[in-house]
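Data first, discussion second: the structure below is written as structure tokens.
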Amino acid sequence: MMGKPKKKETPEEFWRAYAARYGETVLFYMLGKYLSGWDEFDASREPELWGLLIATSGGFRFHHFPHESWLEAVVRATTGGEVPQEKTLFIPAGSIRAAEIRSEKSWWKRILFPRQPQLVLRYRSEDGGEKELTAETGSNGKALATALCSLILPATL
């Protein structure tokens with residue numbers, strides 16, 4: 001006897017639950033790839049961390065959802081490897097110093113060496129030093145940077 005199929009969560013339901021979970025308003029989100037700038041992620045040396053780049057009323061969030069192919073699951077099961085875990089990072093709004101999108105300006109370099117635009121987020125770390133986080137974005141990365149810039153308090157400039 002089969003049970004009822006699980007109801008799929010709509011994107012609207014997901015974002016409503018996400019906002020409620022953190023008590024913050026989601027301002028903008030998009031898919032992106034983490035590149036550098038967060039010590040915990042840099043130390044793990046995972047080749048690619050794809051996830052959601054999220055601007056909320058509380059700051060910047062990156063949320064990587066674990067996934068593995070069927071082959072990776074079989075290899076992990078036979079070798080006793082670890083189950084992939086969610087990875088998240090949070091930079092509070094008060095720590096954000098600047099956010100910008102960097103993209104190649106030269107038309108010939110864009111053709112010969114195509115690269116996605118990159119979000120560059122400068123922030124104040126817990127020890128008071130300034131750090132820079134970079135992530136690959138899509139074509140609407142400028143809207144994410146604009147949402148993050150709206151969080152910068154004049155006292156932090």
Side-chain angles (χ1 to χ4, degrees), residues 6 8-69 72-73 76 81-107 109-110 113-157:
K6 187 177 177 183
K8 272 192 149 183
E9 186 177 42
T10 67
E12 293 80 17
E13 291 168 333
F14 172 83
W15 287 111
R16 214 176 1 262
Y18 198 90
R21 177 179 178 185
Y22 294 105
E24 300 170 354
T25 302
V26 175
L27 305 174
F28 192 84
Y29 61 89
M30 66 184 304
L31 182 65
K33 182 170 82 170
Y34 168 84
L35 297 175
S36 67
W38 194 256
D39 293 340
E40 179 184 333
F41 291 178
D42 293 343
S44 73
R45 298 180 191 224
E46 290 192 43
E48 292 189 347
L49 281 178
W50 284 90
L52 291 172
L53 306 171
I54 309 165
T56 70
S57 57
F60 172 76
R61 294 183 180 279
F62 174 80
H63 199 129
H64 165 75
F65 296 90
H67 62 282
E68 61 183 351
S69 70
E72 291 169 324
R76 181 184 47 77
E82 292 183 23
V83 176
Q85 301 292 316
E86 285 187 12
K87 292 186 179 1
T88 61
L89 68 83
F90 175 64
I91 299 173
S95 295
I96 297 172
R97 310 285 284 171
E100 66 177 316
I101 293 295
R102 290 187 188 154
S103 56
E104 184 56 59
K105 303 290 185 223
S106 167
W107 64 270
K109 283 185 181 178
R110 285 196 312 259
F113 308 105
R115 276 188 10 193
Q116 291 293 326
Q118 292 181 354
L119 169 71
V120 179
L121 181 66
R122 285 196 316 275
Y123 66 97
R124 190 174 47 253
S125 63
E126 289 181 2
D127 66 6
E130 191 165 302
K131 297 197 83 167
E132 192 171 273
L133 181 134
T134 56
E136 208 170 74
T137 67
S139 59
N140 57 351
K142 192 166 189 162
L144 176 64
T146 300
L148 291 167
C149 284
S150 74
L151 301 173
I152 300 172
L153 303 172
T156 65
L157 297 177

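Along the sequence shown, the residues carry numbers beginning at 1.
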[atom1]-[atom2] distance between [X] and [Y], expressed to the nearest 0.5 angstrom:
| X | Y | atom1 | atom2 | value |
| --- | --- | --- | --- | --- |
| Thr88 | Leu52 | OG1 | CG | 12.0 Å |
| Ser125 | Leu133 | OG | CG | 12.5 Å |
| Leu89 | Asp39 | CG | CG | 11.0 Å |
| Leu119 | Arg102 | CG | CZ | 10.0 Å |
| Glu132 | Glu100 | CD | CD | 7.5 Å |

Closest non-hydrogen atom pair between [X] and [Y], with its separation:
| X | Y | result |
| --- | --- | --- |
| Val26 | Ala19 | CG2-CB, 4.3 Å |
| Lys87 | Leu49 | CD-CD2, 3.9 Å |
| Leu144 | Ile54 | CD1-C, 4.4 Å |
| Ala145 | Ile101 | CB-CG1, 3.9 Å |
| Ala99 | Leu148 | CB-CB, 3.8 Å |

(request) Would you list the pairs meeting salt bridge (Lys or Arg N to Asp or Glu O under 4.0 Å) in which at least one residue belongs to residues 140-150, sequence neighbours left out? (result) none

(request) Over 60° means perpendicular and under 30° means parallel, so classify the ring planes of Tyr34 and Phe62, tilted if in between. (result) tilted

(message) Holding to salt bridge (Lys or Arg N to Asp or Glu O under 4.0 Å), I want the full list of residues that pass it with Asp127, two or more places apart in sequence or in another chain.
(response) none

(message) Which residues pass the side chain to side chain contact (heavy atoms under 4.5 Å, CB included) test with Ala143, not counting sequence neighbours?
(response) Phe28

(request) Please name all residues satisfying ring-ring contact (aromatic ring centres under 6.0 Å, His included) with Tyr18, sequence neighbours left out, ordered by chain then number. (result) Phe14, Trp15, Tyr22, His63

(message) Suppose we screen for ring-ring contact (aromatic ring centres under 6.0 Å, His included). Which residues come up paired with Phe90, at least two apart in sequence or across chains?
(response) none

(request) State, yes or no, whether a side-chain contact exists between Leu151 and Phe60 at a heavy-atom distance under 4.5 Å. (result) no

(message) Quick check: do Glu130 and Tyr123 have side-chain heavy atoms less than 4.5 Å from each other?
(response) no

Under the side chain to side chain donor-acceptor pair (under 3.5 Å) rule, collect the residues that match up with [X], sequence neighbours excluded.
| X | value |
| --- | --- |
| Glu24 | Thr56, Arg61 |
| Arg16 | none |
| Glu13 | Lys7, Thr10 |

Residues 134-141, side-chain donor-acceptor partners within the protein, below 3.5 Å, at least two apart:
from	atom 1	to	atom 2	distance (Å)
Thr134	OG1	Ser36	OG	2.9
Thr137	OG1	Pro117	O	3.2

(message) Test your reading of the model: is there a side-chain donor-acceptor pair from His64 to the backbone of Trp50, 3.5 Å cut-off?
(response) yes

